[in-house]
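Numbering starts at 1 and runs along the sequence shown.
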Amino acid sequence: MGLARQMNATAAPVAHEISEFAIAGLTPAPCRLVKPPRVAESPVSFECKVSQIVQLQGADGKKANAWLTLGEVVAVHIDTAFIKDGVYQTALAQPIVRAGRRGDYFVIRQDAMFEMQRPD
């Protein structure tokens with residue numbers, strides 16, 4: 001499943017000074033426009049700059065101990081093996097998506113893809 005195990009390893013609650021790259025056995029690669037490194041093994045990665053951090057609140061209006069971080073994508077890195085006729089082919093990269101519960105995920109695969117024309 002690609003980088004699933006490594007991605008999951010980075011979810012461990014560790015001290016700030018512990019490298020998630022080391023925990024997951026991944027390689028940091030330099031970015032062009034932001035300081036933090038990207039994951040060299042990832043077929044697609046985004047360089048982002050923080051635009052807003054919002055503290056969430058409950059329906060009762062009380063502030064939660066949870067935050068939403070929004071960012072602007074300032075650079076994109078895509079393995080050219082996943083580009084066909086100038087278009088990124090998502091299913092070829094077989095990304096995984098979160099599916100709920102404590103650890104359920106799905107893989108996006110070509111055989112599960114279908115196309116629909118949007119109404120005008």
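Thr10 places a side-chain N or O within donor-acceptor distance of the main-chain N or O of Met7, the cut-off being under 3.5 Å.
By the salt bridge (charged side-chain N to carboxylate O under 4.0 Å, His left out) test, Asp111 is found to be paired with Arg109, residues two or more places apart in sequence or in another chain being considered. For the side-chain hydrogen bond (donor to acceptor under 3.5 Å, both in side chains) test, no residue two or more places apart in sequence or in another chain qualifies with Gln6. Looking at residues two or more places apart in sequence or on another chain, you find no side-chain hydrogen bond (donor to acceptor under 3.5 Å, both in side chains) involving Asp60.
Side-chain contact between Gln57 and Lys62: absent, with no pair of heavy atoms (C-beta onward) separated by less than 4.5 Å.
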Distance-only criterion, 3.5 Å: show the donor-acceptor pairs between side-chain atoms of residues 49-56 and protein atoms not counting sequence neighbours.
residue : atom : partner : partner atom : Å
Ser51   : OG   : Leu70   : O            : 3.3
Gln55   : NE2  : Ala64   : O            : 2.9

Sequence neighbours left out, cut at 3.5 Å: what donor-acceptor pairs do the side chains of residues 11-36 make with other protein atoms?
residue : atom : partner : partner atom : Å
Ser19   : OG   : Phe21   : N            : 3.2
Ser19   : OG   : Ala22   : N            : 3.2
Thr27   : OG1  : Glu41   : OE2          : 2.6

Table please: side-chain donor-acceptor pairs of residues 113-120 below 3.5 Å, with sequence neighbours left out.
residue : atom : partner : partner atom : Å
Glu115  : OE2  : Gln117  : NE2          : 3.0

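The only option from Val76, Val74, Val73 that meets the side-chain contact (heavy atoms from CB on, under 4.5 Å) definition with Glu47 turns out to be Val74.
Val97 belongs to a hydrophobic cluster with Phe106, Ile108, counting contacts under 4.5 Å between side-chain heavy atoms of Ile, Leu, Val, Met, Phe, Trp and Tyr, direct or through other members.
Residue pairs satisfying the side-chain hydrogen bond (donor to acceptor under 3.5 Å, both in side chains) criterion with at least one member in residues 83-96, sequence neighbours excluded, are absent. The list of salt bridge (charged side-chain N to carboxylate O under 4.0 Å, His left out) pairs with a residue in residues 97-106, not counting sequence neighbours, reads Arg101-Asp104.
Around atom CD of Glu72, no more than 12 heavy atoms belonging to other residues, nucleotides or ligands sit under 6.0 Å away.
Ile96 and Leu3 are members of different hydrophobic clusters when ILVMFWY side chains are connected at heavy-atom separations under 4.5 Å.
Interatomic distance, CG of Asp79 versus CG of Leu92, reported as 10.5 Å (0.5 Å rounding).
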